[in-house]
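Both backbone and side-chain heavy atoms feed into the values below; hydrogens, waters and symmetry mates do not. In this text, all values refer to a predicted model and were calculated from it rather than measured experimentally.
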Amino acid sequence: MSAVDPAYDWELVEGEVVVRGRIGYRHRLVRDALMRALGVARRGRYAVHADQRVVLGEFSAVRPDVVVVDESAVEMYAAEGIPAAAAVLVVEIVSDDSRGHDWYRMPRLYAAAGIANFWRVERGVDDRPIVYQYWLDQESREYIPAPTPIHTGTLSTAVPFPVRVDLSAIYTPRPGGRDARRSGGRGMSLGFGAGCVGGQRHSVGSVPSGR
């Protein structure tokens, strides 16, 4: 690994500089499969991006695994990051080392910024992805489970546009086989606290928030 290709990335989250470890093979495989499916299904004004900075406010610039953007709402070539007002879906693939971040902190920030759709992706006991789908409640400015909140085997939804993903085809077994599978990644809850998989985040400092 060279000095110009460090083994980490960073986000600015509520004034904190948060270091993220480079994502692993499985995390990347799941991300790319979801990105391809969304890219094939997308409609005219939408674009699908992976690992692009989304600006949630003056003190938060984050990098969701996948973001769907309404390009009619932003001039991409002029923007330093994707403004939250142009994002219509954010997807986070949960990591063992970032569960609290992905379950609680990031959904709260995405919802507060007004992003209409949020997917949380967990690792199931069969080593295939489970997708938890949330919609923004405009009154509370919080995410609530979609009418079909849990997708296993196949993800099928009409928002932000009709898309169907064969989750059963995305398979990466854990090292150690069956015993290892029994010990982790159960994806059990409708709330923001269940599951596992891929990069890690650690707070390393903060910048003044002026608040």
Side-chain angles (χ1 to χ4, degrees), residues 1 5 7-9 20-42 46-52 62-69 88-104 106-107 110 117-135 143 145-201:
M1 188 71 67
D5 187 25
Y8 58 85
D9 202 343
R20 308 189 315 167
R22 281 291 178 87
I23 65 174
Y25 167 76
R26 182 186 184 279
H27 192 124
R28 189 163 50 250
L29 184 148
V30 173
R31 181 199 68 188
D32 292 351
L34 292 174
M35 184 179 172
R36 282 193 300 272
L38 286 163
V40 168
R42 73 182 180 88
Y46 294 111
V48 183
H49 300 279
D51 196 33
Q52 293 294 308
V62 301
R63 300 177 76 105
D65 288 296
V66 178
V67 56
V68 176
V69 180
V88 297
L89 166 68
V90 286
V91 181
E92 291 284 3
I93 301 169
V94 176
S95 164
D96 285 331
D97 297 315
S98 66
R99 292 179 183 176
H101 194 84
D102 292 335
W103 292 341
Y104 303 108
M106 296 315 300
Y110 292 143
N117 298 280
F118 172 70
W119 296 356
R120 192 185 80 236
V121 184
E122 306 280 358
R123 185 175 198 163
V125 292
D126 62 355
D127 292 332
R128 291 173 171 84
I130 300 171
V131 177
Y132 292 77
Q133 182 181 7
Y134 298 91
W135 294 355
Y143 286 123
T148 303
I150 305 175
H151 301 267
T152 60
T154 300
L155 184 157
S156 182
T157 182
V159 292
F161 40 73
V163 61
R164 186 177 179 88
V165 186
D166 183 4
L167 300 174
S168 66
I170 309 171
Y171 174 63
T172 51
R174 304 165 203 263
R178 182 178 300 174
D179 290 341
R181 289 198 296 273
R182 285 175 178 162
S183 65
R186 306 200 186 280
M188 295 181 292
S189 171
L190 284 182
F192 289 113
C196 24
V197 134
Q200 54 186 325
R201 294 178 171 94

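Look at Asp127 and Arg123 and you find a salt bridge, because one of the NZ, NE, NH1 or NH2 atoms lies within 4.0 Å of a carboxylate O, short of that distance.
One distance of note links CZ of Arg36 with CZ of Arg31; it measures 10.0 Å at 0.5 Å rounding.
Val40 pairs by the side chain to side chain contact (heavy atoms under 4.5 Å, CB included) definition with nothing, not counting sequence neighbours. Legend: residues meeting side chain to side chain contact (heavy atoms under 4.5 Å, CB included) with Leu29, ordered by chain and number and at least two apart, are Tyr25, Ile170, Thr172. Every residue meeting the side chain to side chain contact (heavy atoms under 4.5 Å, CB included) condition with Thr154, not counting sequence neighbours, appears here in chain and number order: Arg164.
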Inset, instruction - Take Val69 and Gln52 through the side chain to side chain contact (heavy atoms under 4.5 Å, CB included) test and state the conclusion after the steps. - result: CA-CA 11 Å; Val69 180; Gln52 293 294 308; over 6 Å; no
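Taking 4.5 Å as the limit, every side-chain heavy atom of Leu38 sits out of range of all side-chain heavy atoms of Tyr46. Here the side chains of Pro147 and Trp135 are in contact, with some heavy-atom distance below 4.5 Å. A heavy-atom distance below 4.5 Å is not found between the side chains of Trp119 and Val66. With a 4.5 Å cut-off on side-chain heavy atoms, Thr157 and Thr148 do not count as touching. Looking at heavy atoms from C-beta onward, Tyr171 lies out of side-chain contact with Asp126 at the 4.5 angstrom threshold.
The backbone N or O of Leu167 sits nowhere less than 3.5 Å from a side-chain atom of Arg128 that would complete a donor-acceptor pair. In terms of modelled atom types and a separation under 3.5 Å, the side chain of Arg42 and the main chain of Ala47 share no donor-acceptor contact. Between the side chain of Asn117 and the backbone N or O of Val88 there is at least one donor-acceptor pair closer than 3.5 Å.
Across all their heavy atoms, Pro162 and Ala41 have their closest contact at O-CB, 3.3 Å. When every heavy atom of Val90 is checked against every heavy atom of Pro64, the shortest pair comes out as CG1-CG, 4.0 Å. The shortest non-hydrogen separation linking Asp65 to Ile93 is OD2-N, 2.7 Å. Residue Gly153 comes nearest to Asp166 through the heavy atom pair O-OD1, 3.4 Å, listed as atom of the first residue, atom of the second, then distance.
In this pair, Tyr143 and Tyr134 present their aromatic rings tilted. The plane angle is within the 30 to 60° band.
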